[in-house]
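Written below as structure tokens is the structure these notes are about.
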Number of protein chains: 2
Amino acid sequence: MNALPLLEPEVPEAVAPCCPPLTERPFTADEAETAARMFKALGDPVRLRLFTSVASHEGGEACVCDISDVGVSQPTVSHHLKKLKDAGLLTSERRGTWVYYRVEPSVLAAMGKLLTIAPVAA
Amino acid sequence: MNALPLLEPEVPEAVAPCCPPLTERPFTADEAETAARMFKALGDPVRLRLFTSVASHEGGEACVCDISDVGVSQPTVSHHLKKLKDAGLLTSERRGTWVYYRVEPSVLAAMGKLLTIAPVAA
DNA sequence: CGTCTATGTTGACATACGTCGAATCAGAGA
DNA sequence: TCTCTGATTCGACGTATGTCAACATAGACG
């Protein structure tokens, strides 16, 4: 059975239109909630290695099989990739036998904006 | 008793000379460990609000009393500030009655470098 | 000294998280 | 259809985390 299109993968775009640079002004509770979701997703060594592997892979995408050598079991890799996906940082697509992950394009821009160096407030 | 100068506050500089841009190449285990520490520290809404409050405050520093209105108890604020400090993101200094926190300068530069947009690898 | 205010520390608690092995699902191909 | 391989999901486990109330510490000021 598969007639329940209920559980959406949460927020597909969790970062994109989010927040001002970290140094511009205090974040509101909502902004903090949103941005923290991204930072949290990248706040694990394994996930960071997976993310950088995908982000730096030729073509901007990588097969799970190409990046799963990070010292943890394969289910754990899958678990982390799912978290990155739920956080809106990666997208995945199955092509035949393999599943490919790629970096959500808007994400890099949003991250760059977040960490824009502002002239250390007056 | 206070004759045990043992427990150092971990790594004062946890981010500064750390890693290449996220999109340049897969992080090594060590790089991931280091960078993840920073992301993790910012991966909590309360800490993110505290951090942005300090970072955007005039003079680049803020008294605890100025930023502790984030919806949690005072001990919790103190706890989070300590975490940001342990992660190397903030420094603190007591001046008379109040304690002032400021953003570790090298941190913003390191973060900026981390999120430099690289031309999505070939 | 004593006391008041501002912060930090401790102990306890519920929840979240990272991890694995086992089971399951998805295509490819015989 | 059966089976093989790649990937995800499930169930369980120990540990880390966020939170608070209670207590402790640090200066300031009488």
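Naming convention: chains lettered A, B, ... in sequence-line order (proteins, then strands); numbering from 1 in each chain.
Between the side chain of B:Arg37 and the main chain of B:Phe39, no donor-acceptor pair closer than 3.5 Å is present. In terms of modelled atom types and a separation under 3.5 Å, the side chain of A:Thr52 and the main chain of B:Phe27 share a donor-acceptor contact. The backbone N or O of A:Gly96 lies less than 3.5 Å from a partner atom in the side chain of A:Arg94, making a donor-acceptor pair.
Between A:Val77 and A:Val46, every side-chain heavy-atom pair lies at or beyond the 4.5 Å cut-off. Side-chain atoms of B:Glu31 and B:Pro20, non-hydrogen and from C-beta on, do get closer than 4.5 Å to each other. A:His80 places none of its side-chain heavy atoms less than 4.5 Å from the side chain of A:Val70. Counting heavy atoms from C-beta outward, B:His57 and B:Tyr101 have side chains that stay 4.5 Å or more apart. Taking the side chain as every heavy atom from C-beta outward, B:Leu22 and A:Leu48 approach each other to under 4.5 Å. A:Leu42 has its side chain within reach of A:Leu84: a pair of non-hydrogen atoms, C-beta onward, lies under 4.5 Å apart.
OP1 or OP2 of D:dG18 has at least one side-chain nitrogen or oxygen of B:Lys83 nearer than 4.0 Å. Contact annotation: B:Arg95 does not reach the phosphate of D:dG27 (side-chain N/O to OP1 or OP2, under 4.0 Å).
Rounded to an integer number of Å, the gap from B:Asp86 CG to D:dG18 P is 12 Å. Straight-line distance from the CG atom of B:Leu84 to the P atom of D:dG18: 10 Å, rounded to whole Å. For the pair B:Arg49 CZ and D:dG18 P, the computed distance is 16 Å after rounding to whole Å. Counting to the nearest Å, the C1' atom of D:dA7 and the CH2 atom of A:Trp98 are 12 Å from each other.
On the nucleic acid side, DNA chain C has its first and last nucleotide under 4.0 Å of a heavy atom of chain A at C:dC17 to C:dA28, going 5' to 3'.
Taking a 4.0 Å limit (strictly below) on heavy-atom distances, residues 69-81 of chain A reaches DNA chain D at A:Gln74, A:Pro75, A:Ser78.
Nucleic acid contact class of A:Tyr100 (heavy atoms, under 4.0 Å, all strands): none.
Comparing A:Lys82 and A:Thr97 against DNA chain D, the residue whose closest nucleotide sits nearer the 5' end is A:Thr97.
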